[in-house]
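Fair warning: this is a prediction, and the values are worked out from it, not measured in the lab. Numbered from 1 within each chain, the chains take letters A, B, ... in sequence-line order.
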Amino acid sequence: MDEPALCAAEALAARIPDGASIVLAPDYSGCALAVVQALLRRPARHLRLIGCPQLGLQGDLLVGAGCVDRVETAAFALGEFGLAPAFDRFYRENRIEVVESTCPAIHAGLQAAEKGLPFMPLAGVLGSGLVALRTDWKVIDDPFGAGPILLVPAIRPDVALFHAPLADTRGNVWIGVRRELMVMAHAAKRTLVSVEETVDGDLLREERAAAGTIPALYVEEVAHVPGGARPNGLFTCYSPNFETIARYASAARTEAGFASFLGEWLDR
Amino acid sequence: MNRCTAITMIATIARLLEGLRHVAIGASSPIPAAGALLARERSAGRMVVSILGSERQNPFTDGGRELFDCAAQGRIDAFFLSGVQIDARANVNLLGLGAPPRLQKRFLGNFGAPYLASLVPHLILFRTDHGPRSLVEKVDFISAPGADGRWLVTDKALLRRRAGRLQLESVHAGETLASVQSATGFPLDAADTAPTTPTPDEATIALIRGPISVSVGEIYPAFETLMRE
């Protein structure tokens with residue numbers, strides 16, 4: 001397989017076609033916000049977002065800019081700032097389709113995909129109103145005899161998009177303990193990653209790094225984008241810029257406020 | 001919510017967690033996070049606390065799914081849920097108001113609640129604005145079904161589900177049975193008087209406002225500001 005070349009955020013965004021389903025990491029993991037900026041400039045259209053397991057700032061920016069038709073997620077929130085304001089507006093105006101889920105069902109659906117399985121059984125959940133909402137889920141009798149059990153279908157996204165601290169020039173990507181990013185890469189048909197830093201050599205040959213590294217085998221393209229998760233934080237690298245996120249949370253409640261925040265943010 | 005009430009909630013939560021091994025904290029939960037860190041301080045290091053989104057309070061190495069896998073195996077003793085509505089049967093609604101799938105008002109979403117509700121033995125409910133619109137007779141949507149024995153900690157009182165319904169255990173300082181009843185959207189089958197929730201001592205308050213608020217501030221800066229200013 002060809003080794004992924006390093007390219008910039010715009011080139012990474014150009015690899016995501018309109019209409020793609022994209023699995024995104026939560027705000028506290030690795031969010032490729034510089035690539036999201038490029039998608040907003042284009043602007044991308046008819047995207048279907050999957051939160052792994054929830055959506056936050058990057059999802060709200062994409063929704064607010066009219067890039068998204070549908071979201072599947074366990075929650076849509078801006079951390080301590082609560083409701084995602086653009087998504088909230090779009091939901092009220094019936095401009096977006098929402099597939100309600102719960103965190104472990106999304107993890108399980110992605111795990112089914114990474115194993116090449118059509119579905120995954122999942123403990124719990126029975127007794128929640130969510131089971132009736134999700135007509136694509138099935139409850140069966142455990143064939144091994146332990147009562148009813150929920151089955152959730154595999155989730156196989158077109159694209160996994162995230163930001164990570166480090167990659168080597170071969171395209172191996174270090175994610176440490178943030179292994180939801182590993183599952184996303186395994187499950188998606190294509191994986192696009194922006195990184196803070198690139199190093200020569202081979203992370204897979206370093207015993208301490210290898211277990212926390214996504215092999216290039218799963219990675220289509222890596223872009224070197226320092227600060228690529230800002231204003232979110234990035235594990236092991238930097239903290240979120242809470243002032244910017246607070247400013248967004250209040251500005252984006254109106255269409256005009258959202259547009260003005262976006263204009264300013266994209267100009268920088 | 002004022003700082004004094006928050007501190008009472010935190011100290012109450014810490015009491016409920018005494019003796020447990022592994023307490024997990026989910027999204028949007030600064031007060032439970034502080035309560036769990038206080039309980040850990042008092043456990044002489046025996047309690048493990050994991051806080052979603054934290055780098056420093058995170059014992060997991062297998063990504064977002066590990067918390068849930070752990071819960072299904074019985075490795076998590078306690079977890080916290082709040083909700084837009086909590087009802088007399090201790091059912092929790094995190095999704096929104098009205099009838100899904102087109103809700104009148106959507107809130108944040110179900111998170112892990114539908115799953116964790118039946119898998120974590122000590123599921124503790126909390127609500128920082130105890131009122132008739134948040135504590136209702138019947139929720140619009142059941143994200144997480146209730147069960148007997150379940151605790152609810154609010155900014156006014158401590159309640160517990162017994163014989164199918166939430167009952168008053170104690171009222172916080174400054175509240176009465178009548179004031180709590182009038183703020184609750186369902187009848188409380190309580191005795192004529194309710195005991196007062198114990199208030200924390202000065203040392204506990206200093207601990208909460210000092211090192212614990214700094215730890216929680218890693219992911220909840222507004223909480224740290226409330227505690228320290």
Q. If you round to the nearest 0.5 Å, how far is CG of D88(A) from CZ of F107(B)?
A. 8.5 Å
(Q) Whether the side chain of S128(A) engages the backbone of S143(B) through a donor-acceptor N/O pair (distance < 3.5 Å, no angle test) should be reported. (A) yes
Q.
Using heavy-atom distances under 4.5 Å, tell me whether L108(B) contacts chain A through its side chain, its backbone, both, or neither.
A. both
Q: Name the option with the most non-hydrogen atom pairs under 4.5 Å to chain A; the candidates are A117(B), P100(B), A72(B).
A: P100(B)
(Q) Within the supplied structure, the quantity of interest is the number of heavy atoms (other residues, nucleotides, ligands) at a distance under 6.0 Å from R247(A) CZ; does it exceed 12? (A) yes
Q) Between A222(B) and chain A, which part of the residue has a heavy atom less than 4.5 Å away: side chain, backbone, both or neither? A) both
Q) Near R133(B) CZ, under 6.0 Å, is it more than 12 heavy atoms from other residues, nucleotides or ligands? A) no
Q.
More than 12 heavy atoms of other residues, nucleotides or ligands under 6.0 Å from NZ of K105(B): yes or no?
A. yes
Q) Any idea which of G109(B), G64(B), A27(B), S118(B) has the most non-hydrogen atom pairs under 4.5 angstrom with chain A? A) G64(B)
Q. Between L52(B) and chain A, which part of the residue has a heavy atom less than 4.5 Å away: side chain, backbone, both or neither?
A. side chain
Q. Between R106(B) and L83(A), what is the shortest heavy-atom contact and its length?
A. O-CD2, 3.8 Å
Q) Which one of A123(A), S101(A), S239(A), A246(A) has the most heavy-atom pairs closer than 4.5 Å to chain B? A) A123(A)
Q.
Could you check whether atom CD of E207(A) has more than 12 heavy atoms from other residues, nucleotides or ligands sitting under 6.0 Å from it?
A. no
Q) With respect to chain B, which residue among A77(A), A75(A), S29(A), P104(A) yields the maximal number of heavy-atom pairs within a distance under 4.5 Å? A) P104(A)
Q: Could you tell me which portion of E218(B) (side chain, backbone, both or neither) has an atom closer than 4.5 angstrom to a non-hydrogen atom of chain A?
A: backbone
Q: Say whether, by atom type as modelled, one donor and one acceptor occur between the side chain of E55(B) and the main chain of T236(A) under 3.5 angstrom.
A: yes
Q | Rounded distance [0.5 Å steps], OG1 in T225(B) versus CZ in F242(A) | A | 10.5 Å
Q | Considering all heavy atoms, the nearest P101(B)-Y91(A) contact | A | O-OH, 3.0 Å
Q.
Looking at every heavy atom in both G112(B) and C103(A), which two are closest together, and how far apart are they?
A. N-SG, 3.4 Å
Q) Which residue out of P30(B), G53(B), S29(B), G63(B) racks up the most heavy-atom pairs below 4.5 Å with chain A? A) G63(B)
Q | Interface moiety of S54(B) toward chain A, non-hydrogen atoms closer than 4.5 Å | A | backbone
Q) Is the number of heavy atoms from other residues, nucleotides or ligands within 6.0 Å of CZ (R15(B)) greater than 12? A) yes
Q: Kindly give the heavy-atom pair with the smallest separation between T102(A) and A113(B), and that separation in Å.
A: OG1-N, 4.2 Å
Q.
Only pairs of heavy atoms separated by less than 4.5 Å count here; which of R92(A), M182(A), R178(A), Q54(A) has the most with chain B?
A. Q54(A)
Q: Check each atom of F87(A) against the heavy atoms of chain B and say whether the ones under 4.5 Å are side chain, backbone, both or neither.
A: side chain
**Q.** Which atoms of F223(B) approach chain A - backbone, side chain, both or neither, heavy atom under 4.5 Å
**A.** both
Q | Whether Y115(B) side chain and L122(A) backbone form a donor-acceptor pair below 3.5 Å | A | no
Q: Can you see which heavy atom on I142(B) is nearest to which on G127(A), and at what distance?
A: CG2-O, 3.8 Å
Q.
With a 4.5 angstrom heavy-atom cut-off, is it the side chain or the backbone of L67(B) that approaches chain A, or both, or neither?
A. neither
Q. Non-hydrogen atoms of chain B under 4.5 Å away: do they reach the side chain of L133(A), the backbone, both or neither?
A. side chain
Q. By a 4.5 Å heavy-atom criterion (distance strictly below it), what part of V98(A) contacts chain B: side chain, backbone, both, or neither?
A. side chain
